There are 4 protein chains.
Amino acid sequence: MPKQTKKPQVTAPAPERRAEILATAAEVFAAHGYNATTVRRIADEAGMLAGSLYYHFDSKESMVDEILSAFLGELWTGYDAVLAAGLGPRETIEALVTESFREIDRHRAAVAIYQKEWRQLATQPRFQYLSDSQTRFEKAWLGTLERGVAAGVFRDGLDVRLTYRFVRDTVWVAASWYRPGGLHSPEEIARQYLSMVLDGIAVRT
Amino acid sequence: MPKQTKKPQVTAPAPERRAEILATAAEVFAAHGYNATTVRRIADEAGMLAGSLYYHFDSKESMVDEILSAFLGELWTGYDAVLAAGLGPRETIEALVTESFREIDRHRAAVAIYQKEWRQLATQPRFQYLSDSQTRFEKAWLGTLERGVAAGVFRDGLDVRLTYRFVRDTVWVAASWYRPGGLHSPEEIARQYLSMVLDGIAVRT
Amino acid sequence: MPKQTKKPQVTAPAPERRAEILATAAEVFAAHGYNATTVRRIADEAGMLAGSLYYHFDSKESMVDEILSAFLGELWTGYDAVLAAGLGPRETIEALVTESFREIDRHRAAVAIYQKEWRQLATQPRFQYLSDSQTRFEKAWLGTLERGVAAGVFRDGLDVRLTYRFVRDTVWVAASWYRPGGLHSPEEIARQYLSMVLDGIAVRT
Amino acid sequence: MPKQTKKPQVTAPAPERRAEILATAAEVFAAHGYNATTVRRIADEAGMLAGSLYYHFDSKESMVDEILSAFLGELWTGYDAVLAAGLGPRETIEALVTESFREIDRHRAAVAIYQKEWRQLATQPRFQYLSDSQTRFEKAWLGTLERGVAAGVFRDGLDVRLTYRFVRDTVWVAASWYRPGGLHSPEEIARQYLSMVLDGIAVRT
DNA sequence: TATGAATGAGCGTTCATTCAT
DNA sequence: TATGAATGAACGCTCATTCAT
């Protein structure tokens with residue numbers, strides 16, 4: 001049996017280490033909360049001493065910053081593509097929800113952190129972009145819902161603001177229980193979720 | 001001579017001050033998170049010094065404990081009444097959701113704390129009851145949903161576990177934006193929410 | 001033999017503790033430098049733990065701040081009295097120098113800190129007043145020297161700027177070796193110093 | 001075959017790089033203080049990484065050590081020549097002061113470091129030579145002053161110890177404001193300074 | 001009941017130094 | 001010669017908690 005093709009490198013290549021640490025940090029932040037997570041804990045899980053983290057990062061804060069902005073960057077790439085596609089209101093909602101669950105699948109930890117911490121973090125100028133993103137998010141959803149009501153594809157008299165809040169929260173809160181590689185693919189979860197929101201769980205009488 | 005079981009004349013516990021402090025603490029916990037809230041901050045808002053809180057409470061932990069268990073106590077009083085009423089599945093769901101929004105109305109801060117902190121807190125034995133409550137909660141909802149599917153009032157093939165999670169999270173997360181005395185009464189919010197979950201937002205074709 | 005009149009107080013009265021700690025801190029700062037002095041060291045010498053200092057003071061920085069501004073406050077009270085007295089140039093110089101050595105006598109530690117640290121500290125906005133003081137100081141001395149040259153009591157052609165620097169530094173640097181209660185009173189030191197600066201050490205030929 | 005005593009082709013110590021780094025370090029130490037200067041800062045200004053300094057030097061401490069001992073070496077070469085020249089007291093003082101200002105001109109940074117840090121550093125055995133130098137310095141000046149008083153060229157009753165301290169401090173403290181290549185040559189500054197110390201600034205009446 | 005003062009553990013961060021490459 | 005990555009001790013500071021008064 002041939003030896004594994006593990007390269008004879010003694011130490012891991014440089015820029016990957018950052019990403020490793022960041023992934024570790026994201027997991028710990030997601031599991032225990034940003035404030036409750038100590039840099040010593042992150043360092044432990046990354047197999048180094050607390051001080052060594054500061055060779056790679058400026059501060060604990062800049063770690064969450066990097067985690068969250070990377071996630072939001074990818075999220076908006078996906079969202080913008082959907083919003084630019086010229087779909088109908090129902091199809092836009094379907095695409096946004098599906099895209100959201102895909103992001104949860106790919107950035108579970110980041111989404112969980114985002115969901116739990118954005119309100120506290122956004123008070124600092126450095127995290128202004130969290131509020132900005134929230135605003136854009138609201139505009140995209142609210143606009144689509146209103147368009148749908150106007151077009152007669154969503155119920156007349158729908159409280160779009162209330163609906164937006166329900167939909168937004170339910171989607172993101174899924175990051176708190178979703179486990180990648182579990183029974184349901186992101187697309188399957190999106191399908192079920194959309195079926196509930198669009199058509200309800202009650203049998204039509 | 002038997003030892004007195006109570007000496008209410010020497011150290012009157014002044015139950016009103018306790019309640020005041022507890023209400024203050026709940027607001028601060030809800031606004032800034034449990035970990036990020038210092039006892040000094042609570043004391044400040046209560047008009048006393050940090051050390052003085054310890055005359056009334058054992059610890060910061062016992063403050064959240066009291067806040068959360070008081071809330072859960074009332075919640076289960078309401079839920080148990082609903083579950084014991086022998087309603088049909090759809091009516092049970094409607095009653096549970098309405099009861100939940102009423103609790104959010106009355107215990108907004110406690111619900112927000114519960115929603116944000118229960119996972120961390122539940123790791124400690126003292127907060128075992130949070131997990132227990134979660135389990136009972138799950139049983140009540142899951143049972144009702146299954147009963148509804150069996151009775152043909154909810155869609156056949158509904159993933160009840162997934163539905164439960166969606167419903168649960170959306171209801172409680174409302175505590176993060178709900179403001180008592182705002183435009184919507186709890187009953188109105190419940191109605192809108194139930195309309196969405198039961199019948200969907202799409203126009204039936 | 002009667003017992004000492006030590007009052008039966010168990011703990012020291014409140015506001016004096018601040019002053020005690022401040023005096024201790026000043027000594028340690030003067031002896032080892034501001035940067036090299038740890039708050040633990042100050043706390044040790046004050047008979048408490050490092051964290052306890054923060055009950056009395058905001059930060060290590062605010063300790064030096066208080067030390068230096070108290071010193072400069074008193075210094076300028078003395079200087080302003082001299083400058084307002086309408087003395088001749090020579091008498092003004094004599095009074096300023098005497099006043100300076102008196103301040104060194106009363107605030108030896110503060111003067112030593114000032115002398116050693118002002119340049120670094122003054123880069124921070126909080127210590128702007130150190131630069132301001134330096135400027136006023138320069139104005140007072142330079143003005144007096146120029147007045148003296150114009151009045152013919154100081155040598156014609158004297159480089160007043162150079163003279164100012166020499167005089168300023170020599171006076172303050174004395175704080176690094178002066179020990180209150182030593183052989184020389186502040187007034188005696190001032191007298192000797194003035195004799196050197198005004199009339200020189202050489203025998204007139 | 002005898003082992004080579006030197007292999008200049010393999011690890012040439014490149015003495016110029018050392019000197020460059022040392023000059024850089026001296027500037028930074030002088031500008032910001034020894035303690036407040038990080039090796040990273042020195043490395044930055046020298047165009048390398050912090051760790052790389054340790055190829056050239058054992059430690060931060062050995063950098064100041066080299067800076068200060070080089071300066072003192074040259075200083076004493078000059079002083080010893082003056083002291084061995086058999087000059088009269090006044091001429092000796094003049095020559096020592098002039099020599100001192102020349103050293104400030106050539107080793108401004110080193111003198112500034114010396115002036116600011118010698119007391120702290122001298123507590124370590126490694127820097128014993130700083131105290132030794134101080135002692136020799138004191139002896140040379142004190143002896144000359146006493147000789148001058150005995151010879152009747154300096155005032156009778158002069159407190160030589162006090163005078164020594166004033167003179168010493170004023171000379172060295174000039175390093176904190178002196179800028180080589182400025183308006184005044186070292187010799188000019190020495191002349192002005194000597195005029196002040198020897199004959200005073202007051203007009204003789 | 002509440003205060004004033006302190007404790008002590010732990011936190012995020014800095015920094016001189018090491019060392020394999 | 002120099003780099004990149006890490007170490008480990010220490011630092012300034014925070015905070016829940018204690019306790020004599």
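Keep in mind that this is a model prediction, so the values were computed, not measured. Letters go in sequence order (proteins before strands), and every chain restarts at 1.
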With the side chain of C/A50 defined as its heavy atoms from C-beta on, choose the nearest nucleotide among F/dC13, F/dG4, F/dC11. F/dC13

Checking F/dT17, F/dA2, E/dT13 against the side chain of A/S59 (C-beta onward), the nearest is E/dT13

OP1, OP2 of [N] versus side-chain N and O of [X]: anything below 4.0 Å?
| X | N | result |
| --- | --- | --- |
| C/H56 | E/dA6 | yes |
| B/Y55 | E/dT1 | no |
| C/R41 | F/dC11 | no |
| B/R17 | E/dA2 | yes |
| A/S52 | F/dT7 | yes |
| B/Y54 | F/dT17 | yes |

Donor-acceptor contact present, side-chain B/S52 to main-chain B/M48, <3.5 Å: no

Main chain of C/D65, side chain of C/S62: is a donor-acceptor contact present, judged purely on distance under 3.5 Å? no

Starting from [atom2] on [N], measure out to [atom1] on [X] and report it in whole angstrom.
| X | N | atom1 | atom2 | value |
| --- | --- | --- | --- | --- |
| C/L53 | F/dC11 | CG | C1' | 13 Å |
| A/E16 | F/dG4 | CD | C1' | 15 Å |
| D/K60 | E/dA16 | NZ | P | 5 Å |
| B/I42 | F/dA16 | CD1 | C1' | 11 Å |

Regarding B/T37, tell me which of base, sugar-phosphate or nothing describes its non-hydrogen contacts under 4.0 Å with the strands shown. sugar-phosphate

Fit a plane to each ring of C/F29 and C/Y34, take the angle between them on a 0 to 90° scale, and name the class: parallel (under 30°), tilted (30 to 60°) or perpendicular (over 60°). tilted

Parallel, tilted or perpendicular: ring planes of D/Y129 versus D/F127, cut at 30 and 60 degrees: tilted

Polar pair under 3.5 Å, donor/acceptor by atom type, side chain A/R40, base E/dG10: no

